Participant: 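The structure's right below; bear with me while I get my questions together.
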There are 4 protein chains.
Amino acid sequence: MPRAVRERQMLDAAVEVFARRGYSAASMDEIAELAGASKPLVYLYLNSKEELYGACIRRESRALLDAVQSAADPEDSADRRLWCGLRAFFAHTAAHPSAWAMLSCQARIHGEPFAQALAELRQEIVDFVAQLIAAAGRDQERAGAALDAEEVSGLAHALVGAAESLAGWANTRADAAPPAKETAATLMNVTWAGLENLLNGQRWAPVRP
Amino acid sequence: MPRAVRERQMLDAAVEVFARRGYSAASMDEIAELAGASKPLVYLYLNSKEELYGACIRRESRALLDAVQSAADPEDSADRRLWCGLRAFFAHTAAHPSAWAMLSCQARIHGEPFAQALAELRQEIVDFVAQLIAAAGRDQERAGAALDAEEVSGLAHALVGAAESLAGWANTRADAAPPAKETAATLMNVTWAGLENLLNGQRWAPVRP
Amino acid sequence: MPRAVRERQMLDAAVEVFARRGYSAASMDEIAELAGASKPLVYLYLNSKEELYGACIRRESRALLDAVQSAADPEDSADRRLWCGLRAFFAHTAAHPSAWAMLSCQARIHGEPFAQALAELRQEIVDFVAQLIAAAGRDQERAGAALDAEEVSGLAHALVGAAESLAGWANTRADAAPPAKETAATLMNVTWAGLENLLNGQRWAPVRP
Amino acid sequence: MPRAVRERQMLDAAVEVFARRGYSAASMDEIAELAGASKPLVYLYLNSKEELYGACIRRESRALLDAVQSAADPEDSADRRLWCGLRAFFAHTAAHPSAWAMLSCQARIHGEPFAQALAELRQEIVDFVAQLIAAAGRDQERAGAALDAEEVSGLAHALVGAAESLAGWANTRADAAPPAKETAATLMNVTWAGLENLLNGQRWAPVRP
DNA sequence: AATGAATGAGGATTCATTCAT
DNA sequence: TATGAATGAATCCTCATTCAT
């Protein structure tokens, strides 16, 4: 069996196992067995548990980022771009549940190796969303209402967190998961109006009872 | 040193270490050392790694839930209740970063023991938010616009995910973390307008370009 | 509670636990708990696991030896003395099953401490039986047929082994254990005729087919 | 070194150590060292202390049973069969003293794992002997004197116990152990006459002085 | 391209034992 | 007389990793 094929099988198996168990509880034995190869071969191709994990993360984050970024047509309006990106995001996470479980489950553990790689992926997504929000602000053509970078970043984090949460929620109901389109709509429903208001300078404020 | 005190020290240390490393990578040695006690004593009081983890999770989820639930005055309007709950949530997670790291980091790993307990905590929070949303719908007094349970659940998940993400984001900037009030405001800004629209029967829809 | 009483409770508990688990698998915790005392007290009175075990063995072997030896009236004929000794043996082992389990189960493990003490007890019993056999030989008043010491020792070992085995067998059928008298009769039935024959110079010999 | 060979070395070492120390006091470290292998290898091949013990017991009981059962020619008379079986038994236990020590030492400890397996081995031997006794009864062709099953079982237990005891006795005098043939003769001497008497309906009875 | 054989290092857990009171 | 608090030392077991073939 040619090396490239074997290597892909190994990564597939590793993603599966890392998703199921987490990094430290995953065992190279289980991975090798699931990959249908002997452990020395796994080591020959991928060197160590840490590198294997790194390779999994790189492969899966690239795939997810590609899916999201290529879904947003730069010609479109900001809300359409966001909407398309979200649809692509939910479609991808639903199509690759193990990959998403691996990426999302340990995104914030600091001790594990490659926590940084995971954090970077997350940052890239957040940045992408932040750009969309900023672009929407420019579409609005109201320089006065411009949000500061800090605030945009916060909004992007909120949006991404909501998306992650919805992706996980959708994946748990394996039987009757709502289609990506619907999940994306839910999220647009909750957030877009608020974003528009913000960009128009309207803020929610607590009403003294 | 009396047992109760020691036990609390141990739980504190364990929360710290579980947060730093995750369940499986955490070692009882490290926990015992951080607690300033010997390993056998940890076992004497808390029986096993699994039970220790369980005790940590129970203690910290209860504390977080209490903080959030007791912050919302049932006499208030729905948006005020949500606002107060969020403020309490962000204040608590900021005050107990390790606890929040422990609770949030592994919320979705399935293999670990107590994944279920974690999932239940999350569900309780989601339910709490879902109630608030439903209550807001009733405040609106428009029976016709009532959202179905499924949709409310989705919205709640989105909101909770956004909150979790913001809490993590706030905690990473230890130096200049925004105050809970501000973070809560950000989240209300993004979501409340959308929720109100929904409750009024207005939905966001993609505009064909 | 006076020391003597407590000490007896401890020995009782220890015999029970040593019988159930064997020396090394028995834990001082279990013994202390069963004795209804704290571990430090056990150590105060009995010093160490090894000494505790020694005390148990001494107490129980002395009791068993006393029972057997005091049952045989030196005025009686050899077979009566043997018969009475066996009855006493089976009665005692049936009345103190834990003690017998403790004494018999590990009689031959060499590594354990006090294996020697156990071996000595066994030797004392064997010697007692050997004396009876030798006495029976003298009763027979046939100097010519005298068995050599070696052979007598072998016979005694056989008899004692048979008795031990029967005692264990009787103890396993807790519900319907045969009375000591019957067990003793079984053993006399199998062995006495053979012994008499031997003392008369008749030996069993394989018959070429 | 091929796996089969290594595995045998491990079993040999384990039998040795279990015999010396008993199950719970035996340490996997000592076994591995005696086997000339590392501990992980022992675990790789034999899974756990418990399974290793089980494997030892199975191997050694099978060997002993085979030796005894194949020694008795079914064409022979009952006493010859018994005699041959005993000779084989004593020869085997003398040739494999560790195995016999392991099998006999803990035959009656209840808590240990595999106590049942040991008990079953013993029962198989007892049953084998019981069959011989019953067969001897049939040879006698005196239906009237037939012993009931219960009594036969008791006799078999006595005989087996005597044999075990003699085997242990023979093994302790490593220097000048009597040959198996002699030990077997001793046992036949003590027991066969009694058995024959019983089968002829004659019982020993205490004589009132 | 592929693997059976092998291990050093480390982790969870238990236990006999002691001290301060 | 009696004990709550505490631990050093072992023990079972697992895992990432390598070598010889």
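Side chains are part of it too, since the values below use all heavy atoms of this structure and drop only hydrogens, waters and symmetry mates. Model, not experiment: these values are computed from the prediction. The sequence lines fix the lettering, A, B, ..., with proteins before strands; numbering per chain opens at 1.
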Participant: Between C:Y45 and A:D29, which has a closest nucleotide on DNA chain F that is more 5'?
Facilitator: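 Closest to the 5' end, via its nearest nucleotide, is C:Y45.
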
Participant: In terms of side-chain heavy atoms of C:K39, which of E:dA16, E:dT7, F:dA2 is nearest?
Facilitator: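 Closest of the options to the side chain of C:K39: E:dA16.
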
Participant: C:L44 or D:S48: which one's nearest nucleotide on DNA chain F is closer to the 5' end?
Facilitator: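 Its nucleotide being nearer the 5' end, the pick is C:L44.
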
Participant: Atom CD of A:E33 and atom C1' of E:dT3: how far apart are they, to the nearest Å?
Facilitator: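 From A:E33 CD to E:dT3 C1': 15 Å.
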
Participant: Over how many whole Å does the gap from A:M1 atom CE to E:dT3 atom C1' extend?
Facilitator: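 Value for this atom pair: 15 Å.
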
Participant: Check every atom of E:dT14, F:dT14, F:dC12 against the side chain of D:M28 and return the nucleotide holding the closest atom.
Facilitator: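 Nearest to the side chain of D:M28 among the choices is F:dC12.
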
Participant: Quick one: closest heavy-atom pair of C:A37 and C:M10, and the distance?
Facilitator: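 Answer, listing the atom of C:A37 first, then C:M10: CB-CE, 4.0 Å.
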
Participant: For residues A:V42 and A:A32, report the shortest heavy-atom separation together with the two atoms involved.
Facilitator: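 Where A:V42 meets A:A32 most closely, the heavy atoms are CG2-CB, 3.9 Å.
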
Participant: Within the structure, does a side-chain N or O atom of C:R3 lie under 4.0 Å from either OP1 or OP2 of F:dA2?
Facilitator: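 So the side-chain polar atoms of C:R3 never come under 4.0 Å of the phosphate oxygens OP1 or OP2 of F:dA2.
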
Participant: With heavy-atom distances below 4.5 Å as the criterion, would you say the side chains of D:Y45 and D:L11 are in contact?
Facilitator: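 SC-SC contact between D:Y45 and D:L11 ruled out.
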
Participant: Taking any strand in view, what nucleotide pairs with F:dA20 in a Watson-Crick or G-U wobble way, both distances under 3.5 Å?
Facilitator: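 Paired with F:dA20, as far as the under-3.5 Å criterion goes, is E:dT3.
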
Participant: With the side chain of C:K49 defined as its heavy atoms from C-beta on, choose the nearest nucleotide among F:dA2, F:dC12, E:dT17.
Facilitator: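 So the side chain of C:K49 is nearest to E:dT17.
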
Participant: Can you check the A:E51 CD to F:dA16 C1' distance for me, whole Å?
Facilitator: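 Going from A:E51 (CD) to F:dA16 (C1'), I get 14 Å.
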
Participant: So, is the end of the B:K49 side chain (NZ or CZ) under 6.0 Å from the ring centre of B:F18 and within 45° of the ring's axis?
Facilitator: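 Ring-cation test returns no.
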
Participant: Measure CG/A:L41 against C1'/F:dA16 and give the value in whole Å, please.
Facilitator: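 One finds 16 Å between C1' of F:dA16 and CG of A:L41, rounded.
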
Participant: Is any side-chain nitrogen or oxygen of B:Y43 closer than 4.0 Å to OP1 or OP2 of E:dC15?
Facilitator: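 For B:Y43, the contact criterion (side-chain N or O under 4.0 Å from OP1 or OP2 of E:dC15) is not met.
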
Participant: Please classify the nucleic acid contact of B:S27 as base, sugar-phosphate, or nothing, using heavy-atom distances under 4.0 Å.
Facilitator: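 Sugar-phosphate only.
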
Participant: Using whole Å, report how far CD1 of C:I31 lies from C1' of E:dA16.
Facilitator: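 Rounded to the whole Å, the gap is 11 Å.
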
Participant: Which nucleotide in the set E:dA6, F:dA2, F:dT7 lies at the smallest distance from any side-chain heavy atom of B:S38?
Facilitator: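 The answer is F:dT7.
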
Participant: Grab the CG-P distance between D:L46 and E:dA6 for me, whole Å please.
Facilitator: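 That distance rounds to 13 Å.
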
Participant: Give the nucleotide from the list E:dT3, F:dC15, F:dT3 with an atom nearest to the side chain of D:P40.
Facilitator: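 The nucleotide sitting nearest to the side chain is F:dC15.
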
Participant: Remember a base hit wins even if backbone is also touched, and classify D:A32 as base, sugar-phosphate or nothing at under 4.0 Å, heavy atoms.
Facilitator: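 Result for D:A32 = nothing.
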
Participant: Between B:P40 and B:L44, is any pair of side-chain heavy atoms under 4.5 Å apart?
Facilitator: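 B:P40 does not reach B:L44 side chain to side chain.
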
Participant: Report the distance from atom OH of C:Y23 to atom P of E:dC15, rounded to the nearest whole Å.
Facilitator: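 Whole-Å distance recorded here is 14 Å.
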
Participant: Is there a side-chain polar atom (N or O) of B:R6 under 4.0 Å from OP1 or OP2 of F:dG4?
Facilitator: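 For B:R6, the contact criterion (side-chain N or O under 4.0 Å from OP1 or OP2 of F:dG4) is not met.
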
